[in-house]
Amino acid sequence: LKAKSFARKAVTLDPNNAWYSVFYAEILSKDADFGQAAEIYKNLVAKYPSNEKYYFEWAYMFVRANKPSEAIKVYNQLESKIGVDERITRRKYSLYLAQGKTKKAENELIQLTKAFPYEVEYLQLLAEFYNQNDKENKAKGVFKEILKLDKNDPVANLALAETFKAGNDEGRYLNSIKEVFKNPEVNIDLKIQELIPYIGKMGEYKNKNNIRNQLFDLGETLTIIHPNEAKAFSVYGDLLYHADENERALEVYKSTLERDNSVFVVWEQVFYLLKDMNRGDELYKMTEDAMDIFPNQAIVFYMNAVASSLKKKHKNAIDGLEQSLMMAGRDKSLKVQIYSQLGIQYDYLKDSKKSNEAFDMALSINPRDVATLNSYSYALCERGTDLEKARQMSSNANQLVTNNGEYQRTYGFILFKLEDYKAAERWFKKALDNGEKENPVTLERYGDTLYKLNKVNKAVEYWQKAQSKGSQSSILNKKITDRKLYEQ
């Protein structure tokens with residue numbers, strides 16, 4: 001209060017001292033007396049009409065006082081003196097939008113683009129306004145004007161390409177953004193943003209090779225144009241991974257790690273790929289390397305144990321799983337994976353009691369974990385014990401995740417053991433239709449089921465298919481030669 005009183009006296013004693021007036025206005029503003037502060041700046045403008053700063057402060061006080069129309073009048077007054085100016089236009093534009101006066105806001109931007117017809121930034125601002133207000137055709141026209149000034153402008157090219165996407169013409173859309181991807185001046189994040197929505201959809205393009213190949217081409221272009229950017233390789237790897245191009249994805253992910261080995265999610269992708277590809281030695285080495293970089297990541301030790309399992313070193317796998325379990329902390333999802341894997345390892349070692357205990361622990365954390373339900377039911381079926389419990393768990397897994405060939409194969413195997421051969425035949429057929437046609441185990445067991453249904457010729461046909469796919473069954477040759485099922 002004293003400062004306000006002294007400042008007012010100073011202005012009264014020396015009204016021509018601009019600094020005193022500005023200081024007084026600042027105090028009034030801090031005291032939320034914006035109307036009086038505006039009056040101070042009005043007087044300053046009258047005395048110093050060439051000082052632009054006073055106009056802006058005057059208008060700002062009106063804004064703070066919630067008098068946008070008065071603020072716009074001040075901006076118009078300044079504009080009449082200095083001409084169209086981006087600073088003024090942007091402020092008026094914002095004030096008009098805040099009042100819901102979109103037409104006047106639009107006119108401000110149009111006026112700015114006319115005053116500076118070669119400024120791409122202002123045209124982009126106008127185009128963005130049109131897009132935000134559902135005026136796509138007007139926005140399209142502005143983007144075309146931008147391309148006349150700069151044919152490589154990425155924002156305009158991508159925006160015009162969106163019309164193909166809106167029309168569900170993905171092929172033309174992807175083709176239209178190719179030149180943007182080839183331009184090294186375009187920010188890599190802008191390019192990545194275009195690819196990210198497609199990563200999760202790669203599985204949908206299995207029968208659309210042209211779309212898949214265009215996306216692969218864009219991903220590869222990204223790595224060529226930005227060869228030192230790890231994220232370029234990471235995104236390309238994700239496209240390949242989700243398209244089940246595992247070999248190519250693995251190589252690209254490795255290229256990512258060569259450029260930046262600090263991104264743990266890429267290491268994880270490599271781990272899971274190597275696991276799915278049954279490359280135990282390589283997985284073991286990669287996890288050993290990762291331990292030095294991420295000594296506190298339990299998943300590294302878990303995958304190291306999985307590698308030991310793939311190398312048939314099941315006791316080592318159990319040791320590694322126990323260690324990863326101690327590190328898992330509150331990560332319930334990882335604990336489920338660890339206990340489930342312990343169940344598998346103990347089953348390999350014929351320790352049914354500990355195997356069941358581990359599987360039960362996993363299901364006590366998450367009763368709906370499909371991988372555990374499948375592994376547990378398969379283990380019981382292999383042992384020939386608790387087949388009804390196995391059937392129920394496998395049924396649950398197939399209800400939770402449909403059209404999974406591996407889970408359907410397990411259910412078919414359980415039905416075979418329960419001597420429900422007709423049902424087993426149906427489920428093995430489903431498994432073969434869902435990715436199991438290359439699996440010799442599935443082919444052989446389907447043959448076994450057909451034999452039980454007195455379809456001997458068909459049974460032999462599938463036994464032969466199993467043999468051609470590399471079946472390791474010790475008595476498969478005898479089945480084929482004798483055209484007879486021998487129980488294993």
* Asked: Are the side chain of Asn398 and the backbone of Ser394 linked by a donor-acceptor contact shorter than 3.5 Å?
  -> yes
* To do: Take atom OH of Tyr284 as the centre, draw a 6.0 Å sphere, and report whether it contains more than 12 heavy atoms from other residues, nucleotides or ligands.
  => no
* Distance (rounded to the nearest 0.5 Å) between Ile40 CD1 and Leu28 CG -> 6.0 Å
* Tell me, yes or no, whether the heavy-atom count around Lys9 atom NZ, taken from other residues, nucleotides or ligands under 6.0 Å, exceeds 12. => no
* Asked: Can Lys285 and Glu288 be counted as an ion pair, charged N to O under 4.0 angstrom?
  -> no
* Identify the heavy atoms of His226 and Pro184 that sit nearest to each other, and give their distance. => CE1-O, 4.1 Å
* **Under 3.5 Å: donor-acceptor pair, side chain of Lys191, backbone of Asn183** => yes
* To do: Would you indicate whether the side-chain heavy atoms of Lys138 and Glu106 approach each other to under 4.5 Å?
  => yes
* Quick check: does any side chain N or O of Tyr411 sit under 3.5 Å from a backbone N or O of Asn374, one acting as donor and the other as acceptor? -> no
* To do: Can you see which heavy atom on Leu334 is nearest to which on Ile299, and at what distance?
  => CD1-CD1, 3.6 Å
* Check the angle between the aromatic planes of Tyr54 and Tyr41 and answer parallel, tilted or perpendicular using the 30° and 60° thresholds. => tilted
* Asked: Say you draw a straight line from CG of Asn107 to NZ of Lys92; how long is it, rounded to the nearest 0.5 Å?
  -> 10.0 Å
* Taking the six-membered ring for Trp, are Tyr198 and Tyr205 parallel (under 30°), tilted (30 to 60°) or perpendicular (over 60°)? -> tilted
* To do: For residues Arg87 and Glu52, determine if any side-chain heavy atom of one lies less than 4.5 Å from a side-chain heavy atom of the other.
  => yes
* Asked: Does NZ belonging to Lys30 count more than 12 external heavy atoms closer than 6.0 Å?
  -> no
* Could Glu86 and Arg90 be called an ion pair, given the rule that one side-chain N must be under 4.0 Å from one carboxylate O? -> yes
* Flag, side chain of Ser29 to backbone of Ala25, donor-acceptor distance under 3.5 Å -> no
* To do: Please name the residue in the list Thr410, Asp360, Asp369 that meets the side chain to side chain donor-acceptor pair (under 3.5 Å) test with Tyr376.
  => Asp360
* Do other residues, nucleotides or ligands put more than 12 heavy atoms under 6.0 Å from Lys311 NZ? -> yes
* Structure fact -> Closest heavy-atom pair, Ala71 versus Leu95, reported as atoms and distance to 0.1 Å, is CB-CD1, 4.0 Å
* **From OG (Ser340) to CD1 (Ile365), nearest 0.5 Å** => 10.5 Å
* Structure fact -> Between Ala307 and Gly280, the two heavy atoms sitting closest are CB-O, 3.7 Å
* Asked: Checking side chain to side chain donor-acceptor pair (under 3.5 Å) for the pair Gln341/Gln345: CA distance, chi angles, key distance, verdict?
  -> CA-CA 6 Å; Gln341 191 61 225; Gln345 299 310 310; 2.6 Å; yes
* Structure fact -> OH of Tyr60 to OH of Tyr75, rounded to nearest 0.5 Å, is 9.5 Å
* Nearest 0.5 Å please: distance from the CZ atom of Phe301 over to the CG atom of Asp319. => 13.5 Å
* **Short side-chain to backbone donor-acceptor contact, Ser364 and Met361, under 3.5 Å** => yes
* N/O donor-acceptor pair under 3.5 Å between Ser309 side chain and Ala305 backbone -> no
* Structure fact -> Nearest heavy-atom approach of Met393 to Leu363 is SD-CD1, 4.0 Å
* To do: Test side chain to side chain donor-acceptor pair (under 3.5 Å) on Glu268 and Gln297 and set out the steps.
  => CA-CA 11 Å; Glu268 280 190 287; Gln297 285 283 4; over 6 Å; no
* So which heavy atom on Ser69 is nearest to which on Gln99, and how close? -> OG-OE1, 3.5 Å
Under 3.5 Å, sequence neighbours excluded: what are the donor-acceptor pairs made by side chains of residues 13-22?
residue	atom	partner	partner atom	Å
Asn17	OD1	Trp19	N	3.0
Asn17	OD1	Tyr20	N	3.1

* To do: Examine distances only and state if a side-chain atom of Lys430 and a backbone atom of Asn404 form a donor-acceptor pair shorter than 3.5 Å.
  => no
Acceptor/donor pairs from residues 214-222 side chains to any protein atom, 3.5 angstrom cut, sequence neighbours excluded:
residue	atom	partner	partner atom	Å
Gln214	NE2	Gly171	O	2.9
Asp217	OD2	Lys178	NZ	2.8
Thr221	OG1	Asp217	O	2.7

Under 3.5 Å, side-chain donor or acceptor atoms of residues 227-241 against the rest of the protein: list the pairs with distances, not counting sequence neighbours.
residue	atom	partner	partner atom	Å
Lys231	NZ	Asp189	OD1	2.8
Tyr236	OH	Arg248	NH2	3.3
Asp238	OD1	Tyr253	OH	2.4

* NZ/Lys429: more than 12 non-hydrogen atoms of other groups inside 6.0 Å -> no
* Nearest-0.5 Å distance that lies between atom CG in Leu342 and atom CD in Glu322 -> 5.5 Å
